[in-house]
Engineer: 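First the structure, which I've put down as structure tokens, then a few questions once you've had a look.
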Protein chains: 2
Amino acid sequence: MGTDGRDTKAARVYEALRAGILSGELVAGSALDEVSLADAHGVSRTPVREALRTLTSEGLLVPGSRRQLLVVDVSERHRSEIVAIRVALEGAAAAEACARATPDDVDALRLLTIKQRRSADTDDSESFLRLDEEFHRALAAVAAMPTLSRLLMQLGAFVRLTRLGEPTGRRHMRGLTREHEHLVDLLEAREAAGLREALEAHISSTAQRR
Amino acid sequence: MGTDGRDTKAARVYEALRAGILSGELVAGSALDEVSLADAHGVSRTPVREALRTLTSEGLLVPGSRRQLLVVDVSERHRSEIVAIRVALEGAAAAEACARATPDDVDALRLLTIKQRRSADTDDSESFLRLDEEFHRALAAVAAMPTLSRLLMQLGAFVRLTRLGEPTGRRHMRGLTREHEHLVDLLEAREAAGLREALEAHISSTAQRR
DNA sequence: GGGACCTCTCTTGTATACATACGCCGCCGG
DNA sequence: CCGGCGGCGTATGTATACAAGAGAGGTCCC
């Protein structure tokens with residue numbers, strides 16, 4: 001999502017701000033203004049403006065009163081909402097994916113679980129998290145529903161936010177990996193109903209284990 | 001969605017372009033460039049740029065090769081994808097709405113069906129369509145899931161696109177109204193499963209009846 | 001004659017200057 | 001003492017000028 005794939009100042013500012021928000025470096029609720037950001041990043045207001053607009057359309061910034069842009073604050077209620085949306089969207093994608101999965105798709109997903117297992121074994125929680133997100137993206141991609149994937153991409157930032165306090169122990173990572181492996185098995189067997197169910201349980205439980 | 005609620009040139013250009021795309025006036029697949037649009041609307045490139053970025057992030061414009069922005073082309077496959085997403089998202093919202101609906105919510109929805117019936121009776125297909133969209137928005141709003149509503153808003157443009165060739169006869173409009181009334185009944189009775197099912201059938205069938 | 005390179009142009013990216021609108025603060029009047 | 005009103009400051013909205021990159025077409029060399 002965001003600013004296509006082009007390497008531009010607007011894209012860099014966007015990435016920087018996004019990373020700042022997701023890491024919690026930019027505290028929720030604080031206001032951003034164009035000039036200080038432009039100054040801070042050593043660019044003019046124009047690319048900053050663009051980055052701010054993009055982040056706003058993704059919901060990471062929310063227009064406040066007093067004509068300000070505030071860093072979004074995810075409440076507990078918001079968290080469960082994100083989970084519900086993921087369940088709905090990824091569930092729909094999974095059902096379609098069952099009908100369309102090729103052996104190559106299955107292999108690609110298997111490869112990801114293997115990498116995940118390695119990350120879990122080496123206790124590399126950062127790369128594990130990245131692989132986890134990639135797995136879900138890849139699974140949705142199998143459905144070949146570009147608009148749905150686009151929505152999930154947008155949601156990705158929120159998912160990351162909801163996972164900030166999640167445990168990252170080896171045990172936990174291995175558990176998640178096992179669940180992913182199971183999901184791939186179900187996909188390969190084309191058990192649409194079972195896959196959907198397992199996926200929904202997987203996503204929901206992720207939100208619980210904190 | 002789009003450009004907040006402010007009255008600005010960027011917002012006007014955005015609305016104009018959006019309307020053009022949704023009405024089919026801007027043919028799918030054609031490329032837009034900033035200068036001609038700026039010239040056509042009598043503004044500078046800056047607001048045009050902003051409008052284009054917003055439309056792109058909503059998916060109404062897609063980046064093509066040769067660094068162009070093309071008006072989105074909704075294929076048949078894309079149509080069914082939109083329906084599937086609506087089913088997933090609105091279904092999830094409906095389930096939650098059942099748990100949260102207040103008498104006021106129900107009344108507001110009833111009022112909309114009444115207005116719809118009038119539009120159907122007077123054969124005013126344009127206001128009927130608007131009310132239909134508003135009904136679905138309102139139903140989702142009952143769930144009080146702002147992010148989900150935001151996604152549905154974004155999807156709204158595509159929904160409109162998929163409905164371009166839909167029949168608008170009095171019979172058809174009355175049928176849809178009846179279905180809406182039934183949905184409200186189920187919501188009031190808090191029959192979550194039934195509501196979800198009926199809603200999914202309603203949305204799916206809408207796409208069929210063309 | 002064909003292919004590669006070079007240049008030219010057209011478009012988008014960026015900077016900056018100007019306009020405007022909105023909120024805030026202080027003053028005045030009730 | 002409170003409430004409204006007006007000026008001021010600061011933010012965003014807009015215009016425009018400049019830069020840079022990518023594609024197209026022509027030309028030159030092999």
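Every heavy atom of this structure was used, including side-chain atoms; hydrogens, water molecules and symmetry mates were not. In what follows, chains are A, B, ... by sequence order, proteins preceding strands, each numbered from 1.
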Engineer: Could you give the CZ-to-C1' distance, from Arg49(B) to dG13(D), as a whole number of Å?
Structural biologist: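 To the nearest whole Å, that distance equals 15 Å.
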
Engineer: Is it true that atom CZ of Arg100(B) has more than 12 heavy atoms of other residues, nucleotides or ligands lying nearer than 6.0 Å?
Structural biologist: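 Yes, the 6.0 Å shell around CZ holds more than 12 heavy atoms from other groups.
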
Engineer: Would you please classify the geometry between the His180(A) ring and the His136(A) ring as parallel, tilted or perpendicular, with 30° and 60° separating the classes?
Structural biologist: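 Aromatic pair His136(A)/His180(A) classed perpendicular.
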
Engineer: Between dT14(C) atom P and Glu50(B) atom CD, what is the distance in whole Å?
Structural biologist: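 The answer, rounded to whole Å, is 15 Å.
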
Engineer: Nearest-Å distance, CD (Glu34(A)) to P (dG13(D))?
Structural biologist: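 Answer to the nearest Å: 6 Å.
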
Engineer: Thr8(A) side chain N/O closer than 4.0 Å to the phosphate oxygens (OP1, OP2) of dT12(C)?
Structural biologist: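 For dT12(C), OP1/OP2 do not have a side-chain N/O of Thr8(A) under 4.0 Å.
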
Engineer: Would you kindly give the OH-to-P distance between Tyr14(A) and dG13(C), to the nearest whole Å?
Structural biologist: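 Taking OH of Tyr14(A) and P of dG13(C), I get 16 Å after rounding.
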
Engineer: Taking atom CZ of Arg77(B) as the centre, does the number of heavy atoms from other residues, nucleotides or ligands within less than 6.0 Å exceed 12?
Structural biologist: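 Atom CZ in Arg77(B) is crowded, with more than 12 foreign heavy atoms closer than 6.0 Å.
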
Engineer: Can you tell me the distance, in whole Å, between the CG atom of Asp7(A) and the P atom of dA22(D)?
Structural biologist: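 It works out to 11 Å between those atoms.
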
Engineer: Just the rounded figure in Å: distance from P of dT14(C) to NE2 of His41(A).
Structural biologist: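 Computing the His41(A):NE2 to dT14(C):P distance gives 13 Å.
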
Engineer: Polar pairs (N or O, both sides) under 3.5 Å between protein and nucleotides 17-25 of chain C?
Structural biologist:
| residue | atom | partner | partner atom | Å |
| --- | --- | --- | --- | --- |
| dC24(C) | OP1 | Arg66(A) | NE | 3.3 |

Engineer: Only distances under 3.5 Å count here; give the side-chain donor-acceptor pairs of residues 19-29 of chain A to other protein atoms, sequence neighbours excluded, each with its distance to 0.1 Å.
Structural biologist:
| residue | atom | partner | partner atom | Å |
| --- | --- | --- | --- | --- |
| Ser23(A) | OG | Ala19(A) | O | 3.1 |
| Ser23(A) | OG | Gly20(A) | O | 3.2 |
| Ser23(A) | OG | Glu25(A) | N | 3.2 |

Engineer: Using the side-chain heavy atoms of Ser44(A), tell me which of these nucleotides is nearest: dA15(C), dG13(D), dG13(C).
Structural biologist: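 Of all the options, the side chain of Ser44(A) is nearest to dA15(C).
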
Engineer: Any donor and acceptor pair, going by atom type alone, linking the side chain of Arg150(B) with main-chain N or O of Glu58(A) inside 3.5 Å?
Structural biologist: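 Looks like yes, one N/O pair under 3.5 Å.
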
Engineer: Within the 4.0 Å heavy-atom criterion, would you say Leu32(B) contacts the bases, only the backbone, or no part of the nucleic acid?
Structural biologist: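 Sugar-phosphate contact only.
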
Engineer: Is it the case that Gln154(A) and Gln154(B) place a side-chain donor and acceptor less than 3.5 Å from each other?
Structural biologist: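 Gln154(A) vs Gln154(B): donor-acceptor pair found between side chains.
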
Engineer: With a 3.5 Å distance limit and no angle check, can you tell me whether Glu81(B) reaches the backbone of Leu148(A) through a side-chain donor-acceptor pair?
Structural biologist: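 Indeed, once roles are kept as given, a pair shorter than 3.5 Å links the two residues.
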
Engineer: Calculate the interatomic distance between Arg53(B) atom CZ and dT12(C) atom C1'; express it in whole Å.
Structural biologist: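 One finds 9 Å between C1' of dT12(C) and CZ of Arg53(B), rounded.
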
Engineer: Find the distance Asp39(B):CG to dT16(D):P and express it as a whole number of Å.
Structural biologist: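 Result: 12 Å.
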
